[in-house]
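Chain naming here is simple, since letters A, B, ... match the order of the sequence lines and numbering starts at 1 in each.
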Amino acid sequence: MSLARSLKDGLQFHAQVIKSGFTPTVFTSNQLIHLYSKNGLIREAYRLFDEMPERNVYSWNTVINAYIKAQNLSNAQNLFDAVPEKDSVTYNSLISGYANRDGFEDRAVRLFLQMQNDCDGVRRDEFTLTTMLNLTAKLSALSWGQQLHSFMLKTANDLSGFAVSSLIDMYSKSGSFPDAWTVFERGSSSAVDLVSKNAMVAACCREGKLDLAQNLFWSKHEMNDNVSWNTMIAGFAQNGQEEKAIEMFKCMAVEGFSWNEHSFASVLSAFSSLKALKMGKEIHSWVLKKGIDSNPFISSGIVDLYSKCGNMNYAEFVYLKMKVENSFAVTSMIVGYAAEGNMAEARRLFDSLADKNSVVWTAMISGYVKTQQSDDAFELFRQFMERDVRDYDALLFINLLGACTTQAIVDPGKQIHAYIMKVGIEIDEKVVTAVVDMYCKCGSIGYAERIFQNLASRDLILHNVMIAGYAHHGYEYEALQLFEEMVKRGLQPDAVTFVAILSACRHSGLVEVGENYFSSMTEDYSILPERDHYACMIDLYGRANQLEKATVFMDKIPMELDAIILGTFINACKMNRNVKLANDAEEKLLKIEGDNGARYVQLAGVYASEGRWDEMGRIMKKMRGKELRKHAGCSWLQVGNRRHTFISNDRSHSETEAVHAMLDCLIQELEASIHEEEELSQ
DNA sequence: ATAGGGTTAG
């Protein structure tokens, strides 16, 4: 009787055995169990095991692994407990089963600790150690990883390709890239193991060091395999280098490697980021042709493509065909719906998920933030914090801070800030910038400043936020000073920096200083002025009562004048009481934004300021003819849980008398202090 | 002789 190679052979063989009435050897039965398990026939595998009159440790290990492969860890554990004499394979198998199952990691650790000390007295071998390294990588538990590494050095278990690649992966995933590099260099002194090289390429990509990754990839490139290519494609796609990812994707095929689900998933994400619907659709058809559209990574990639391209009907269609709940796809769709302001659909999807991870929560809450539904955002955040799970996403807190920022409510902002510190979120540049920005925009410039000053390293964006914060709160001197400091430290300002700087100048009427910065921007830093810079300059001239300069400046703007620039100019006309120039700009403005009620009101304001009631009446009539309205601007403040809103000439507040009395008081004090200052300066 | 471990993706 021959050995069983395929399932068909195996079944035939098994049938023969039964017919002949012979009892197969333990060895033969073990082989059959393995064959059944490999083909997913777990019940048959177990039955055979169960009917064996005699078993050895291989029989037990094989059937335990069958259950682990079938994700049935409780059966595996029961069998494990029943094994008369366990060996290292028995332990390693179950450790690996638990290590790879989310939420069961502690059991893997417990088994590992039990292993050498238990009555079984089974030695930890290289398999044990690499499996545990995997686990510590997954848990980003660097100190455990280091201990395992020491143990491996002591027991000379650190030399094989398996050991090296696991160590690289562990150090890389635990945020210790230099150690990963050291292990790689030491390990590759003999012969480079391909998997170790791939692991190192992946580590470089994870670190954002794409040049290093590429060098490695191309050195000894004759040994590269599919994984090497896919790693590079993924690396580029994840680091915002979509074009390079696509190039590598094409190159891979030219070099004779065939695309698999990893290649498709990565290139799909590149096309999604580029919103390249056409190319993405081509991949979609490829995927359908290859019949791999049921792969959850691929299908959620396709859903993401359509969602990012704003094609929610297609996204829904593809998702419906998936038939299984997939939080990645749902997250993409929630973001897609939020982008078109359709929070009802987003919420429907959110509520449809039985199992919500923190990314989904983040997407939903951030959607509310982006559509300015702050109350809903905070309400959902409250529910988020009430769960037992503690998986916090820094992005969520950044978004919530953004909500406080647009609402200019500092108390919830402080609470979020406190949460960030309390739940131990890693405070990276993004988080700290959001915190500083929140305090700036909510008017607590002192808090912002204190945080800013205490930071060990400050990048460009953080400087931009702080400079803008100073500029918006009347600290023009501090803004300009910080700018100079920043330049001295060797940070290159960008377009955003200059918007902040010019904005500081316009608030304080520093015409000449502003002009200098404006020209320095192109001459010294080669930054092309954008719309906001032009608008800032016009406003600067307007506020300084230099309308002629504003007019000349505007004529020289090389770009098409848009509503923002024209609106700024009209505002300058109003400050300078120049009805004629406003009149000239009116036509252009209404051509661009004739459907915006606010623009009519703005124009009306110019005419009213000069007492030109005829002109004002004309423009208001024009506005009403179009049935346009302007939302009243308002200010508000939060006291306790109540938000008090005020619009112009508003006396509807329940305590309006008291409010106005206090206001009068403040105005008087203000006037008195101005008077005093004037006397002092004389 | 038969069983267990490493790299890549949203």
Chemist: Write down the distance between CG (A:Leu216) and P (B:dT7), rounded to a whole number of angstrom.
Modeler: 17 Å
Chemist: At under 4.0 Å between heavy atoms, what does A:Thr28 touch on the DNA or RNA strands: base, sugar-phosphate, or nothing?
Modeler: nothing
Chemist: Treating A:His14 as the side-chain partner and A:Leu11 as the backbone partner, does any N or O pair qualify as donor plus acceptor under 3.5 Å?
Modeler: no
Chemist: Rounded to the Å, how far apart are A:Asn295 CG and B:dT8 P?
Modeler: 16 Å
Chemist: Please set out all donor-acceptor pairs under 3.5 angstrom arising from side-chain atoms of residues 234-244 of chain A, sequence neighbours excluded.
Modeler:
{"from": "A:Asn239", "atom 1": "ND2", "to": "A:Cys205", "atom 2": "O", "distance (Å)": "3.3"}
{"from": "A:Asn239", "atom 1": "ND2", "to": "A:Gly235", "atom 2": "O", "distance (Å)": "2.8"}

Chemist: Can you measure A:Asn92 atom CG to B:dG5 atom P for me and round it to whole angstrom units?
Modeler: 9 Å
Chemist: Once ring-ring contact (aromatic ring centres under 6.0 Å, His included) is applied, do any residues pair with A:Phe80, and if so which ones, sequence neighbours excluded?
Modeler: A:Tyr91
Chemist: Check whether any side-chain nitrogen or oxygen of A:Arg206 sits under 4.0 Å from OP1 or OP2 of B:dT7, and answer yes or no.
Modeler: no
Chemist: Which residues in residues 150-166 of chain A have at least one heavy atom lying under 4.0 Å from any atom of DNA chain B?
Modeler: A:Gly161, A:Phe162, A:Ser165, A:Ser166
Chemist: Check each residue of residues 234-264 of chain A for a non-hydrogen atom within less than 4.0 Å of any atom in DNA chain B, then write out the ones that pass by number, or none.
Modeler: A:Ala234, A:Gln238, A:His262
Chemist: With distance as the sole criterion, do the side chain of A:Asp125 and the base of B:dG4 form a donor-acceptor contact below 3.5 Å?
Modeler: yes
Chemist: Can you tell which of B:dT8, B:dG5, B:dA9 lies closest to the side chain of A:Glu126?
Modeler: B:dG5
Chemist: With the threshold set at under 4.0 Å for non-hydrogen atoms, list the residues of residues 219-232 of chain A touching DNA chain B in residue-number order.
Modeler: A:Val227, A:Asn230, A:Thr231
Chemist: Once side-chain hydrogen bond (donor to acceptor under 3.5 Å, both in side chains) is applied, what residue pairs with a partner in residues 309-331 of chain A remain, sequence neighbours excluded?
Modeler: A:Glu316-A:Tyr337, A:Glu316-A:Arg348, A:Ser327-A:Asn357
Chemist: Rounded to the Å, how far apart are A:Asp304 CG and B:dA9 C1'?
Modeler: 12 Å
Chemist: Examine the side chains of A:Asp125 and A:Asn157 and answer whether a donor and an acceptor come within less than 3.5 Å of each other.
Modeler: no
Chemist: Any side-chain hydrogen bond (donor to acceptor under 3.5 Å, both in side chains) involving residues 264-287 of chain A? Give me the pairs, sequence neighbours left out, ordered by first then second residue.
Modeler: A:His284-A:Tyr306
Chemist: Has A:Arg101 got more than 12 heavy atoms of other residues, nucleotides or ligands less than 6.0 Å from its CZ?
Modeler: yes
Chemist: Among B:dA9, B:dT7, B:dA3, which is the nearest nucleotide to the side chain of A:Ala199?
Modeler: B:dT7
Chemist: State, to 0.1 Å, how close A:Ala76 and A:Ile68 come at their nearest heavy-atom pair, and which atoms those are.
Modeler: CB-CG1, 3.8 Å
Chemist: Which part of the nucleic acid, if any, lies within reach of A:Ser332 when heavy atoms closer than 4.0 Å are counted: base, sugar-phosphate only, or nothing?
Modeler: nothing
Chemist: Measure CG/A:Leu35 against P/B:dA3 and give the value in whole Å, please.
Modeler: 11 Å
Chemist: Does the side chain of A:Thr136 come within less than 4.5 Å of A:Lys173's, by heavy atoms?
Modeler: no
Chemist: Output the rounded distance in Å from CG (A:Asn198) to P (B:dT7).
Modeler: 11 Å
Chemist: Got a sec: does the CD of A:Gln114 have more than 12 other heavy atoms crowding it under 6.0 Å?
Modeler: yes
Chemist: Please identify each residue that fulfils side-chain hydrogen bond (donor to acceptor under 3.5 Å, both in side chains) with A:His262, with sequence neighbours left out.
Modeler: none
Chemist: By a strict heavy-atom criterion of less than 4.0 Å, which residues belonging to residues 40-73 of chain A are in contact with DNA chain B?
Modeler: A:Tyr58, A:Asn61, A:Thr62, A:Asn65
Chemist: Whole Å only: how far is the CG atom of A:Leu167 from the P atom of B:dT7?
Modeler: 12 Å
Chemist: To the nearest Å, give me how far apart CG (A:Asp169) and C1' (B:dA9) are.
Modeler: 14 Å
Chemist: Sequence neighbours excluded, which residues qualify as ring-ring contact (aromatic ring centres under 6.0 Å, His included) partners of A:His149?
Modeler: A:Tyr171
Chemist: If we count only N and O atoms by modelled type, under 3.5 Å, do the side chains of A:Ser307 and A:Asp304 hold a donor and an acceptor together?
Modeler: no
Chemist: Quick one: which of B:dG5, B:dT7, B:dT2 gets closest to the side chain of A:Gln31?
Modeler: B:dT2
Chemist: Taking only residues two or more places apart in sequence, or in another chain, which ones meet A:Trp361 in a ring-ring contact (aromatic ring centres under 6.0 Å, His included)?
Modeler: A:Phe350, A:Phe384
Chemist: Keeping to residues at least two apart or across chains, list the side-chain hydrogen bond (donor to acceptor under 3.5 Å, both in side chains) pairs with something in residues 198-213 of chain A.
Modeler: A:Ser172-A:Arg206, A:Asn198-A:Asp225, A:Asn198-A:Ser228
